[in-house]
Visitor: 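Got a structure for you, questions after.
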Amino acid sequence: MNQGKIDVLLGLQWGDEGKGKVVDVLTPKYDVIARFQGGPNAGHTLEFEGQKYVLRSIPSGIFQGGKLNIIGNGVVLAPDLFMDEAKALEESGHELKSRLHISRKAHLIMPTHRVLDAAYESAKGKSKVGTTGKGIGPTYTDKVSRNGLRVGDIFEDFEKKYAEHKARHEQILQSMNYAYDITEVESKWLEGIEYLRNFKIVDSEHEINLLLKEGKTILCEGAQGTMLDVDFGSYPFVTSSNTICAGACSGLGIGPNKIGDVYGIMKAYCTRVGAGPFPTELFDDTGALIRQLGHEYGAVTGRERRCGWIDLVALKYAIMVNGVTQLIMMKSDVLDGFDTIKACVAYRQNGNEIDYFPYNIEDNIEPVYKEFKGWKTDMTRFTDESQFPEAFNQYVEFLENELETPIRIISIGPDRAQTIIRK
């Protein structure tokens, strides 16, 4: 029997790299799409056939008929937000219940988790991390402190378990003197729990490994980006899960020897949402123009994204910790009109030039740039790499040499069709 394979697709920057579109493009090659971490704070935007969709918890392979989609144990799930997302998809003609399986070991985001999220952020004052307020951090905190409520619990004495967890949260909020009212949210959340019961709840680690034994091909879909990883990102301005390739193993229950290709997604420039260090951030008209041309606003929050030039120091680090085998460059078309393109090739810290990602990038980091002549060409209608202008080819070749990894796919627009797969 032929053993199947698992490939991993993840972001290499601070999130928002365009993972949803790429999963949708790659899905025809796979039998199964599995999400392995994160929650509804991650918004994957997909555009095709004149329609725009934003997925928060559901894997991006759901639009390709006949594919199995799995929400793994590493994901945290908000039943009410999941219900809204799923119903909207079903209303637009995408049948879910037979094609979406949910791990019984995935943890549930409770209404009081969202209140705790807001309370903790408020208490930090000027030191705010800039969370989305969706309750992700407190849910993962409960998980690692062995106080979590899981999807599997909705079938076993659920009301008692929920009441106990809620009471514990209320005690914490009372000690913080934090005023709140969850009546309306809780009512919808409980409706979401009932809706969740209609889906196939599985032991996803068993299911995935059985699918592999049957010779199936699986694509693991990451959320956020490598530089937001709780261990290897720009801590403490990070998310609460492992966004790197290793997170696919713990978030789905697969052995590392099962992983084949690791697709690393990056933008032709760089963005970040929320607080935290960002060495190549632009505070001038160029940064504002990149934001405008790239429509750099959060898919879930609507927040303005901070914009800057591509950071090769951070990218080399991300490629290293993930074991990336192939690169995918998104939003190349956003830079079509610029006279000069810049790429950060090193940092200058305390008078010394360094080419590695340091422990602390908050203080005294100055990017060292290499400049390139812009290609000044509208690439959005191109259908083959032979149409790329020479200046763009030189930029791509430089990136490949610096990052020591091939760029296999180049995106030149938001639509599924605006994707060039290089030979």
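All residue numbers in this chain count up from 1 along the given sequence.
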Visitor: Counting only heavy atoms not in Glu390 (residues, nucleotides, ligands), do more than 12 fall under 6.0 Å from its CD?
Guide: yes
Visitor: Between Pro79 and Leu108, is any pair of side-chain heavy atoms under 4.5 Å apart?
Guide: yes
Visitor: Could you check whether Arg168 pairs with Asp142 (Lys NZ or Arg NE/NH1/NH2 to Asp/Glu carboxylate O, under 4.0 Å)?
Guide: yes
Visitor: What is the ring orientation for Phe199 with Phe82, classed by angle as parallel under 30°, tilted 30 to 60°, or perpendicular over 60°?
Guide: perpendicular
Visitor: Looking at every heavy atom in both Asn322 and Cys245, which two are closest together, and how far apart are they?
Guide: OD1-N, 2.8 Å
Visitor: Hydrogens and angles aside, do Glu186 and Tyr162 bring a side-chain donor and acceptor to less than 3.5 Å of each other?
Guide: yes
Visitor: For Phe278, give me all partners under ring-ring contact (aromatic ring centres under 6.0 Å, His included), at least two apart in sequence or on another chain.
Guide: Trp14
Visitor: Is there side-chain contact between Asp229 and Gln224, with at least one heavy-atom pair below 4.5 Å?
Guide: no
Visitor: Check the surroundings of atom CD in Glu95: do more than 12 heavy atoms from other residues, nucleotides or ligands lie under 6.0 Å from it?
Guide: yes
Visitor: Using a strict 4.0 Å threshold on nitrogen-to-oxygen distance, state whether Asp80 and Arg114 make a salt bridge.
Guide: yes
Visitor: Under a 4.0 Å N-O cut-off, is there an ion pair linking Glu194 with Arg197?
Guide: yes
Visitor: Go through Asn242 and Ser250 one step at a time and tell me if the side-chain hydrogen bond (donor to acceptor under 3.5 Å, both in side chains) criterion holds.
Guide: CA-CA 9 Å; Asn242 284 115; Ser250 59; 5.3 Å; no
Visitor: Pro277 versus Asn360: any side-chain heavy-atom pair under 4.5 Å?
Guide: no
Visitor: Should Arg56 and Asp84 count as an ion pair when the cut-off is N to O under 4.0 Å?
Guide: no
Visitor: For Val396, does its backbone N or O pair with a side-chain atom of Asn393 as donor and acceptor, under 3.5 Å?
Guide: no
Visitor: Would you mind checking if Arg306 and Glu281 are paired as a salt bridge, meaning a charged N to carboxylate O distance below 4.0 Å?
Guide: yes
Visitor: Quick check: do Val76 and Lys143 have side-chain heavy atoms less than 4.5 Å from each other?
Guide: no
Visitor: At their closest point, which heavy atom of Thr243 faces which heavy atom of Ala223, and how far apart are they?
Guide: CG2-O, 3.7 Å
Visitor: Do other residues, nucleotides or ligands put more than 12 heavy atoms under 6.0 Å from Asp285 CG?
Guide: no
Visitor: Specify whether His169 and His113 have parallel, tilted or perpendicular ring planes, treating 30° as the upper limit for parallel and 60° as the lower limit for perpendicular.
Guide: tilted
Visitor: Does Lys97 NZ have over 12 foreign heavy atoms under 6.0 Å away?
Guide: yes
Visitor: Is the closest side-chain heavy-atom distance between Tyr263 and Ile409 below 4.5 Å?
Guide: no
Visitor: Just so I know, are the side chains of Ile265 and Leu9 near enough to count as touching, which here means a heavy-atom distance under 4.5 Å?
Guide: yes
Visitor: Would you check if the side chain of Tyr395 reaches a backbone N or O of Ala268 as a donor-acceptor pair within less than 3.5 Å?
Guide: yes
Visitor: From the options Leu219, Thr217, Ile208, select the one residue that forms a side-chain contact (heavy atoms from CB on, under 4.5 Å) with Ile6.
Guide: Ile208
Visitor: Scan side-chain atoms only and decide if Thr419 and Lys21 contain a donor-acceptor pair under the 3.5 Å cut-off.
Guide: yes
Visitor: Donor-acceptor pair, distance only, cut-off 3.5 Å: does the side chain of Arg348 make one with the backbone of Val368?
Guide: no
Visitor: Hey, can you tell me if Trp375 and Phe392 have their rings parallel, tilted or perpendicular (30° and 60° cut-offs)?
Guide: perpendicular
Visitor: Taking the side chain as everything from C-beta on, heavy atoms only, tell me whether Val185 gets closer than 4.5 Å to Val115.
Guide: no
Visitor: Quick one: do Lys316 and Glu402 make a salt bridge, cutoff under 4.0 Å?
Guide: yes
Visitor: Return the set of residues passing ring-ring contact (aromatic ring centres under 6.0 Å, His included) with Tyr180 (not counting sequence neighbours), or none when no residue passes.
Guide: none
Visitor: Do Lys258 and Leu212 make a side-chain contact, defined as non-hydrogen atoms from C-beta onward lying under 4.5 Å apart?
Guide: yes
Visitor: Can you name the nearest heavy-atom pair linking Asp117 to Lys134, along with the distance?
Guide: OD2-N, 3.5 Å
Visitor: Please check this pair: side chain of Glu296 against backbone of Thr271, looking for a donor-acceptor N/O pair closer than 3.5 Å.
Guide: no
